[in-house]
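Nothing fancy with the numbering, it's 1 onward along the sequence.
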Amino acid sequence: MCGIAGIFGIKIQSRELRSKALQMARKIRHRGPDWSGIYCGGSAILAHERLSIVDPQSGGQPLYSPDRKLVLAVNGEIYNHRDIRARYADRYEFQTGSDCEVILALYRDKGIHFLEELNGIFAFALYDEEKDEYLIARDPIGVIPLYIGKDSEGHIYFGSELKALEGFCDEYEPFLPGHYYHSKEGKMKRWYTRDWMDYEKVAKENGTSPCRQIHDALEEAVHRQLMSDVPYGVLLSGGLDSSVISAIAKKYAAKRIETDGASDAWWPQLHSFAVGLKGAPDLVKAREVAEYIGTVHHEINYTLQEGLDAIRDVIYFIETYDVTTVRASTPMYLLARVIKSMGIKMVLSGEGADEIFGGYLYFHKAPDARTFHEETVRKLSKLHLYDCLRANKSLAAWGVEGRVPFLDKEFLDVAMRLDPKVKMAPGKVIEKKVLREAFAGMLPSGIAWRQKEQFSDGVGYSWIDTLKEITATAVSDDQMAHAAERFPIHPPMNKEEYYYRSIFEEHFPSESAARSVPSIPSVACSTAEALTWDTAFKNLNDPSGRAVKGIHVEAY
């Protein structure tokens, strides 16, 4: 995980603009504490804060083409870089061993139309000095954060986090996932489209066993994403998704991915990490999985007071006031600090499975396969605002990179092209049944068939209760009655949100910051089809999984 920031459209380079770009980059140095780099030339400034995962010795950024005419700053990982590098070995003189350098080779060969060739998580800015053009792009689902802004002088700004733009330009917004911005076109355009976004293209039986397809494709995704020249680990909550990822990672951890398993791994012991209050349900289950698959397991306890003390910092780093996200980010933020203290720089996590397979319990109420599928597509399109944001920024706060195999581009194409009927769990059938069946043989039975626990509940049921109590006391009824006057952009809907919103405003006072957070909190999706599936969802204004008996919410 790295941090990028910069300015395009510069008419005259100046010491002041260079200083501004350095200040922008300094705001996100937590994302890349290993080294800093900057390019100033032509009409561009590109700054980079590096977290070295692949090629620590020579992979510093910005990266340059052999003639120094192309300049690139990237935050991300390109998992198929070795295949691309091999294709261009006789046509392009690579300068480093960085996985991201293949972007320069692709651009030189194909211009801006190469993004589909990348399998990875990324946000990057590329400057073509010879043409005086630039290209900014973000990965398909938005695993890696990115923001874009402008000022009154016509400069275009970009940064990995909104704090890199807050106070430095006049207005900014999230850069949309699966989109690019090319200076010659002057607007953001979608590059990532899939046939599975249309229900009609997936509503048919496939002859191959769905379980076999899921099993093989996910194993390949995890195997791809284990590329690393530094120690790595897995986040293990004890739920199905993280347990599956951990079990697959353990299967391949003994051999070095970069040599296709021909040599032993540099760090053959796989470390797993779980966090929670003492006695939390997740900790018990995570320990069971770790013992079963054989990881070196680390159980991190935090107290309610430690969690409360961290809230202000958490909101600064995750840059949102969404209630569910703040609740879940706090233990993850505390866990990331311990992970970094142990020398681990990258972890695999289980985000995305619930969106792909309809894992939230309200999916039981889906009236038909079309509605079910369209809701999974919708949820994937919003992940960059919630779970991806939480996982990336909570970990990056301490210089730890998170990888998410369920959101691997090739795995998505397999899983989302399945006939939705094989994913559905009507009545009392357990959610994500096809995923459970695909990996039941790698997990303890009590884990493979354990019903979903909301993350912020699983770390300890008293965590949410305490947050509600503290915020209810901190925010008066009078303040709540005038919430729309104080916060005219997306007014808070309850006292807990008001409390988080107040802290957010202290960190990020601009209108752009307020608008960067979704207008509809993760639970209150009154425009979402899901809320029409059952009357229990109507007017629901509490993201707790216990708010509606028998229904797990988080229905952003």
Side-chain angles (χ1 to χ4, degrees), residues 1-7 15 17-41 44-66 68 70-79 81 85 94-105 120-127 129 136 139 143-147 157-161 163-165 168 227-233 258 266-267 317 336-337 339-347 392-403:
M1 203 55 58
C2 303
I4 61 173
I7 309 170
R15 183 174 299 175
L17 282 175
R18 186 179 192 276
S19 176
K20 177 186 275 193
L22 287 172
Q23 291 178 58
M24 292 165 61
R26 193 175 298 120
K27 288 281 189 179
I28 53 174
R29 187 156 295 160
H30 53 276
R31 296 185 64 86
D34 295 337
W35 198 250
S36 300
I38 189 169
Y39 161 84
C40 296
I45 300 177
L46 281 71
H48 189 268
E49 302 294 330
R50 188 184 188 207
L51 179 68
S52 52
I53 303 290
V54 175
D55 188 26
Q57 292 179 309
S58 68
Q61 295 194 36
L63 296 163
Y64 297 87
S65 59
R68 310 283 290 187
L70 302 180
V71 191
L72 176 68
V74 189
N75 171 197
E77 302 288 343
I78 308 302
Y79 301 127
H81 75 102
R85 187 178 286 259
F94 288 95
Q95 308 295 295
T96 74
S98 169
D99 55 294
C100 296
E101 192 180 355
V102 297
I103 292 173
L104 291 174
I121 51 176
F122 57 82
F124 71 77
L126 186 157
Y127 179 58
E129 192 176 88
I136 309 171
D139 68 59
V143 175
I144 302 296
L146 186 64
Y147 296 82
Y157 294 71
F158 66 90
S160 294
E161 296 183 2
K163 61 179 63 67
L165 302 184
F168 293 106
M227 68 174 201
S228 176
D229 293 331
V230 298
Y232 63 83
E258 292 71 12
W266 292 353
W267 295 277
F317 283 109
R337 189 173 192 177
I339 291 172
K340 184 58 179 291
S341 75
M342 296 182 61
I344 302 289
K345 298 177 76 172
M346 182 272 281
V347 291
N392 182 280
K393 292 181 179 179
S394 297
L395 295 168
W398 299 105
V400 177
E401 176 178 285
R403 298 184 185 174

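Distance alone, capped at 3.5 Å, is enough to place a donor-acceptor pair between the N75 side chain and the C2 backbone. The closest donor-acceptor contact from the side chain of Q95 to the backbone of L63 lies at 3.5 Å or more, if one exists at all. Proximity of a side-chain donor or acceptor of R29 to a complementary backbone N or O of G3 within less than 3.5 Å is not detected. H81 contributes no side-chain N or O that, together with a main-chain N or O of C100, makes up a donor-acceptor pair within less than 3.5 Å. Listed for the E49 side chain is no donor-acceptor partner under 3.5 Å among the backbone atoms of I28. Of the possible donor and acceptor atoms, none in the side chain of K345 sits under 3.5 Å from a partner among the backbone N and O of V230.
Closest approach of L104 to Y64, counting heavy atoms only: CD1-C, 3.6 Å.
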- Task: Evaluate the side chain to side chain contact (heavy atoms under 4.5 Å, CB included) criterion for residues E129 and Y39: first the C-alpha distance (whole Å), next the side-chain angles of each, then the deciding distance (0.1 Å), finally the verdict.
- Result: CA-CA 11 Å; E129 192 176 88; Y39 161 84; 2.4 Å; yes
- Tell me, with the steps shown, if I339 and W398 meet side chain to side chain contact (heavy atoms under 4.5 Å, CB included). CA-CA 9 Å; I339 291 172; W398 299 105; over 6 Å; no
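Ring geometry, H30 versus F317: the interplanar angle exceeds 60°, so the pair is classed perpendicular (tilted spans 30 to 60°).
You'll find the side chain of Y79 reaches within 4.5 Å of the side chain of I121, heavy atoms only. No side-chain heavy atom of R15 sits under 4.5 Å from any side-chain heavy atom of R18. In this structure, M346 and R403 have side chains that are in contact, with non-hydrogen atoms separated by less than 4.5 Å. Side-chain atoms of I144 and N392, non-hydrogen and from C-beta on, do get closer than 4.5 Å to each other. Here the side chains of I78 and V54 are not in contact, with every heavy-atom distance at 4.5 Å or above.
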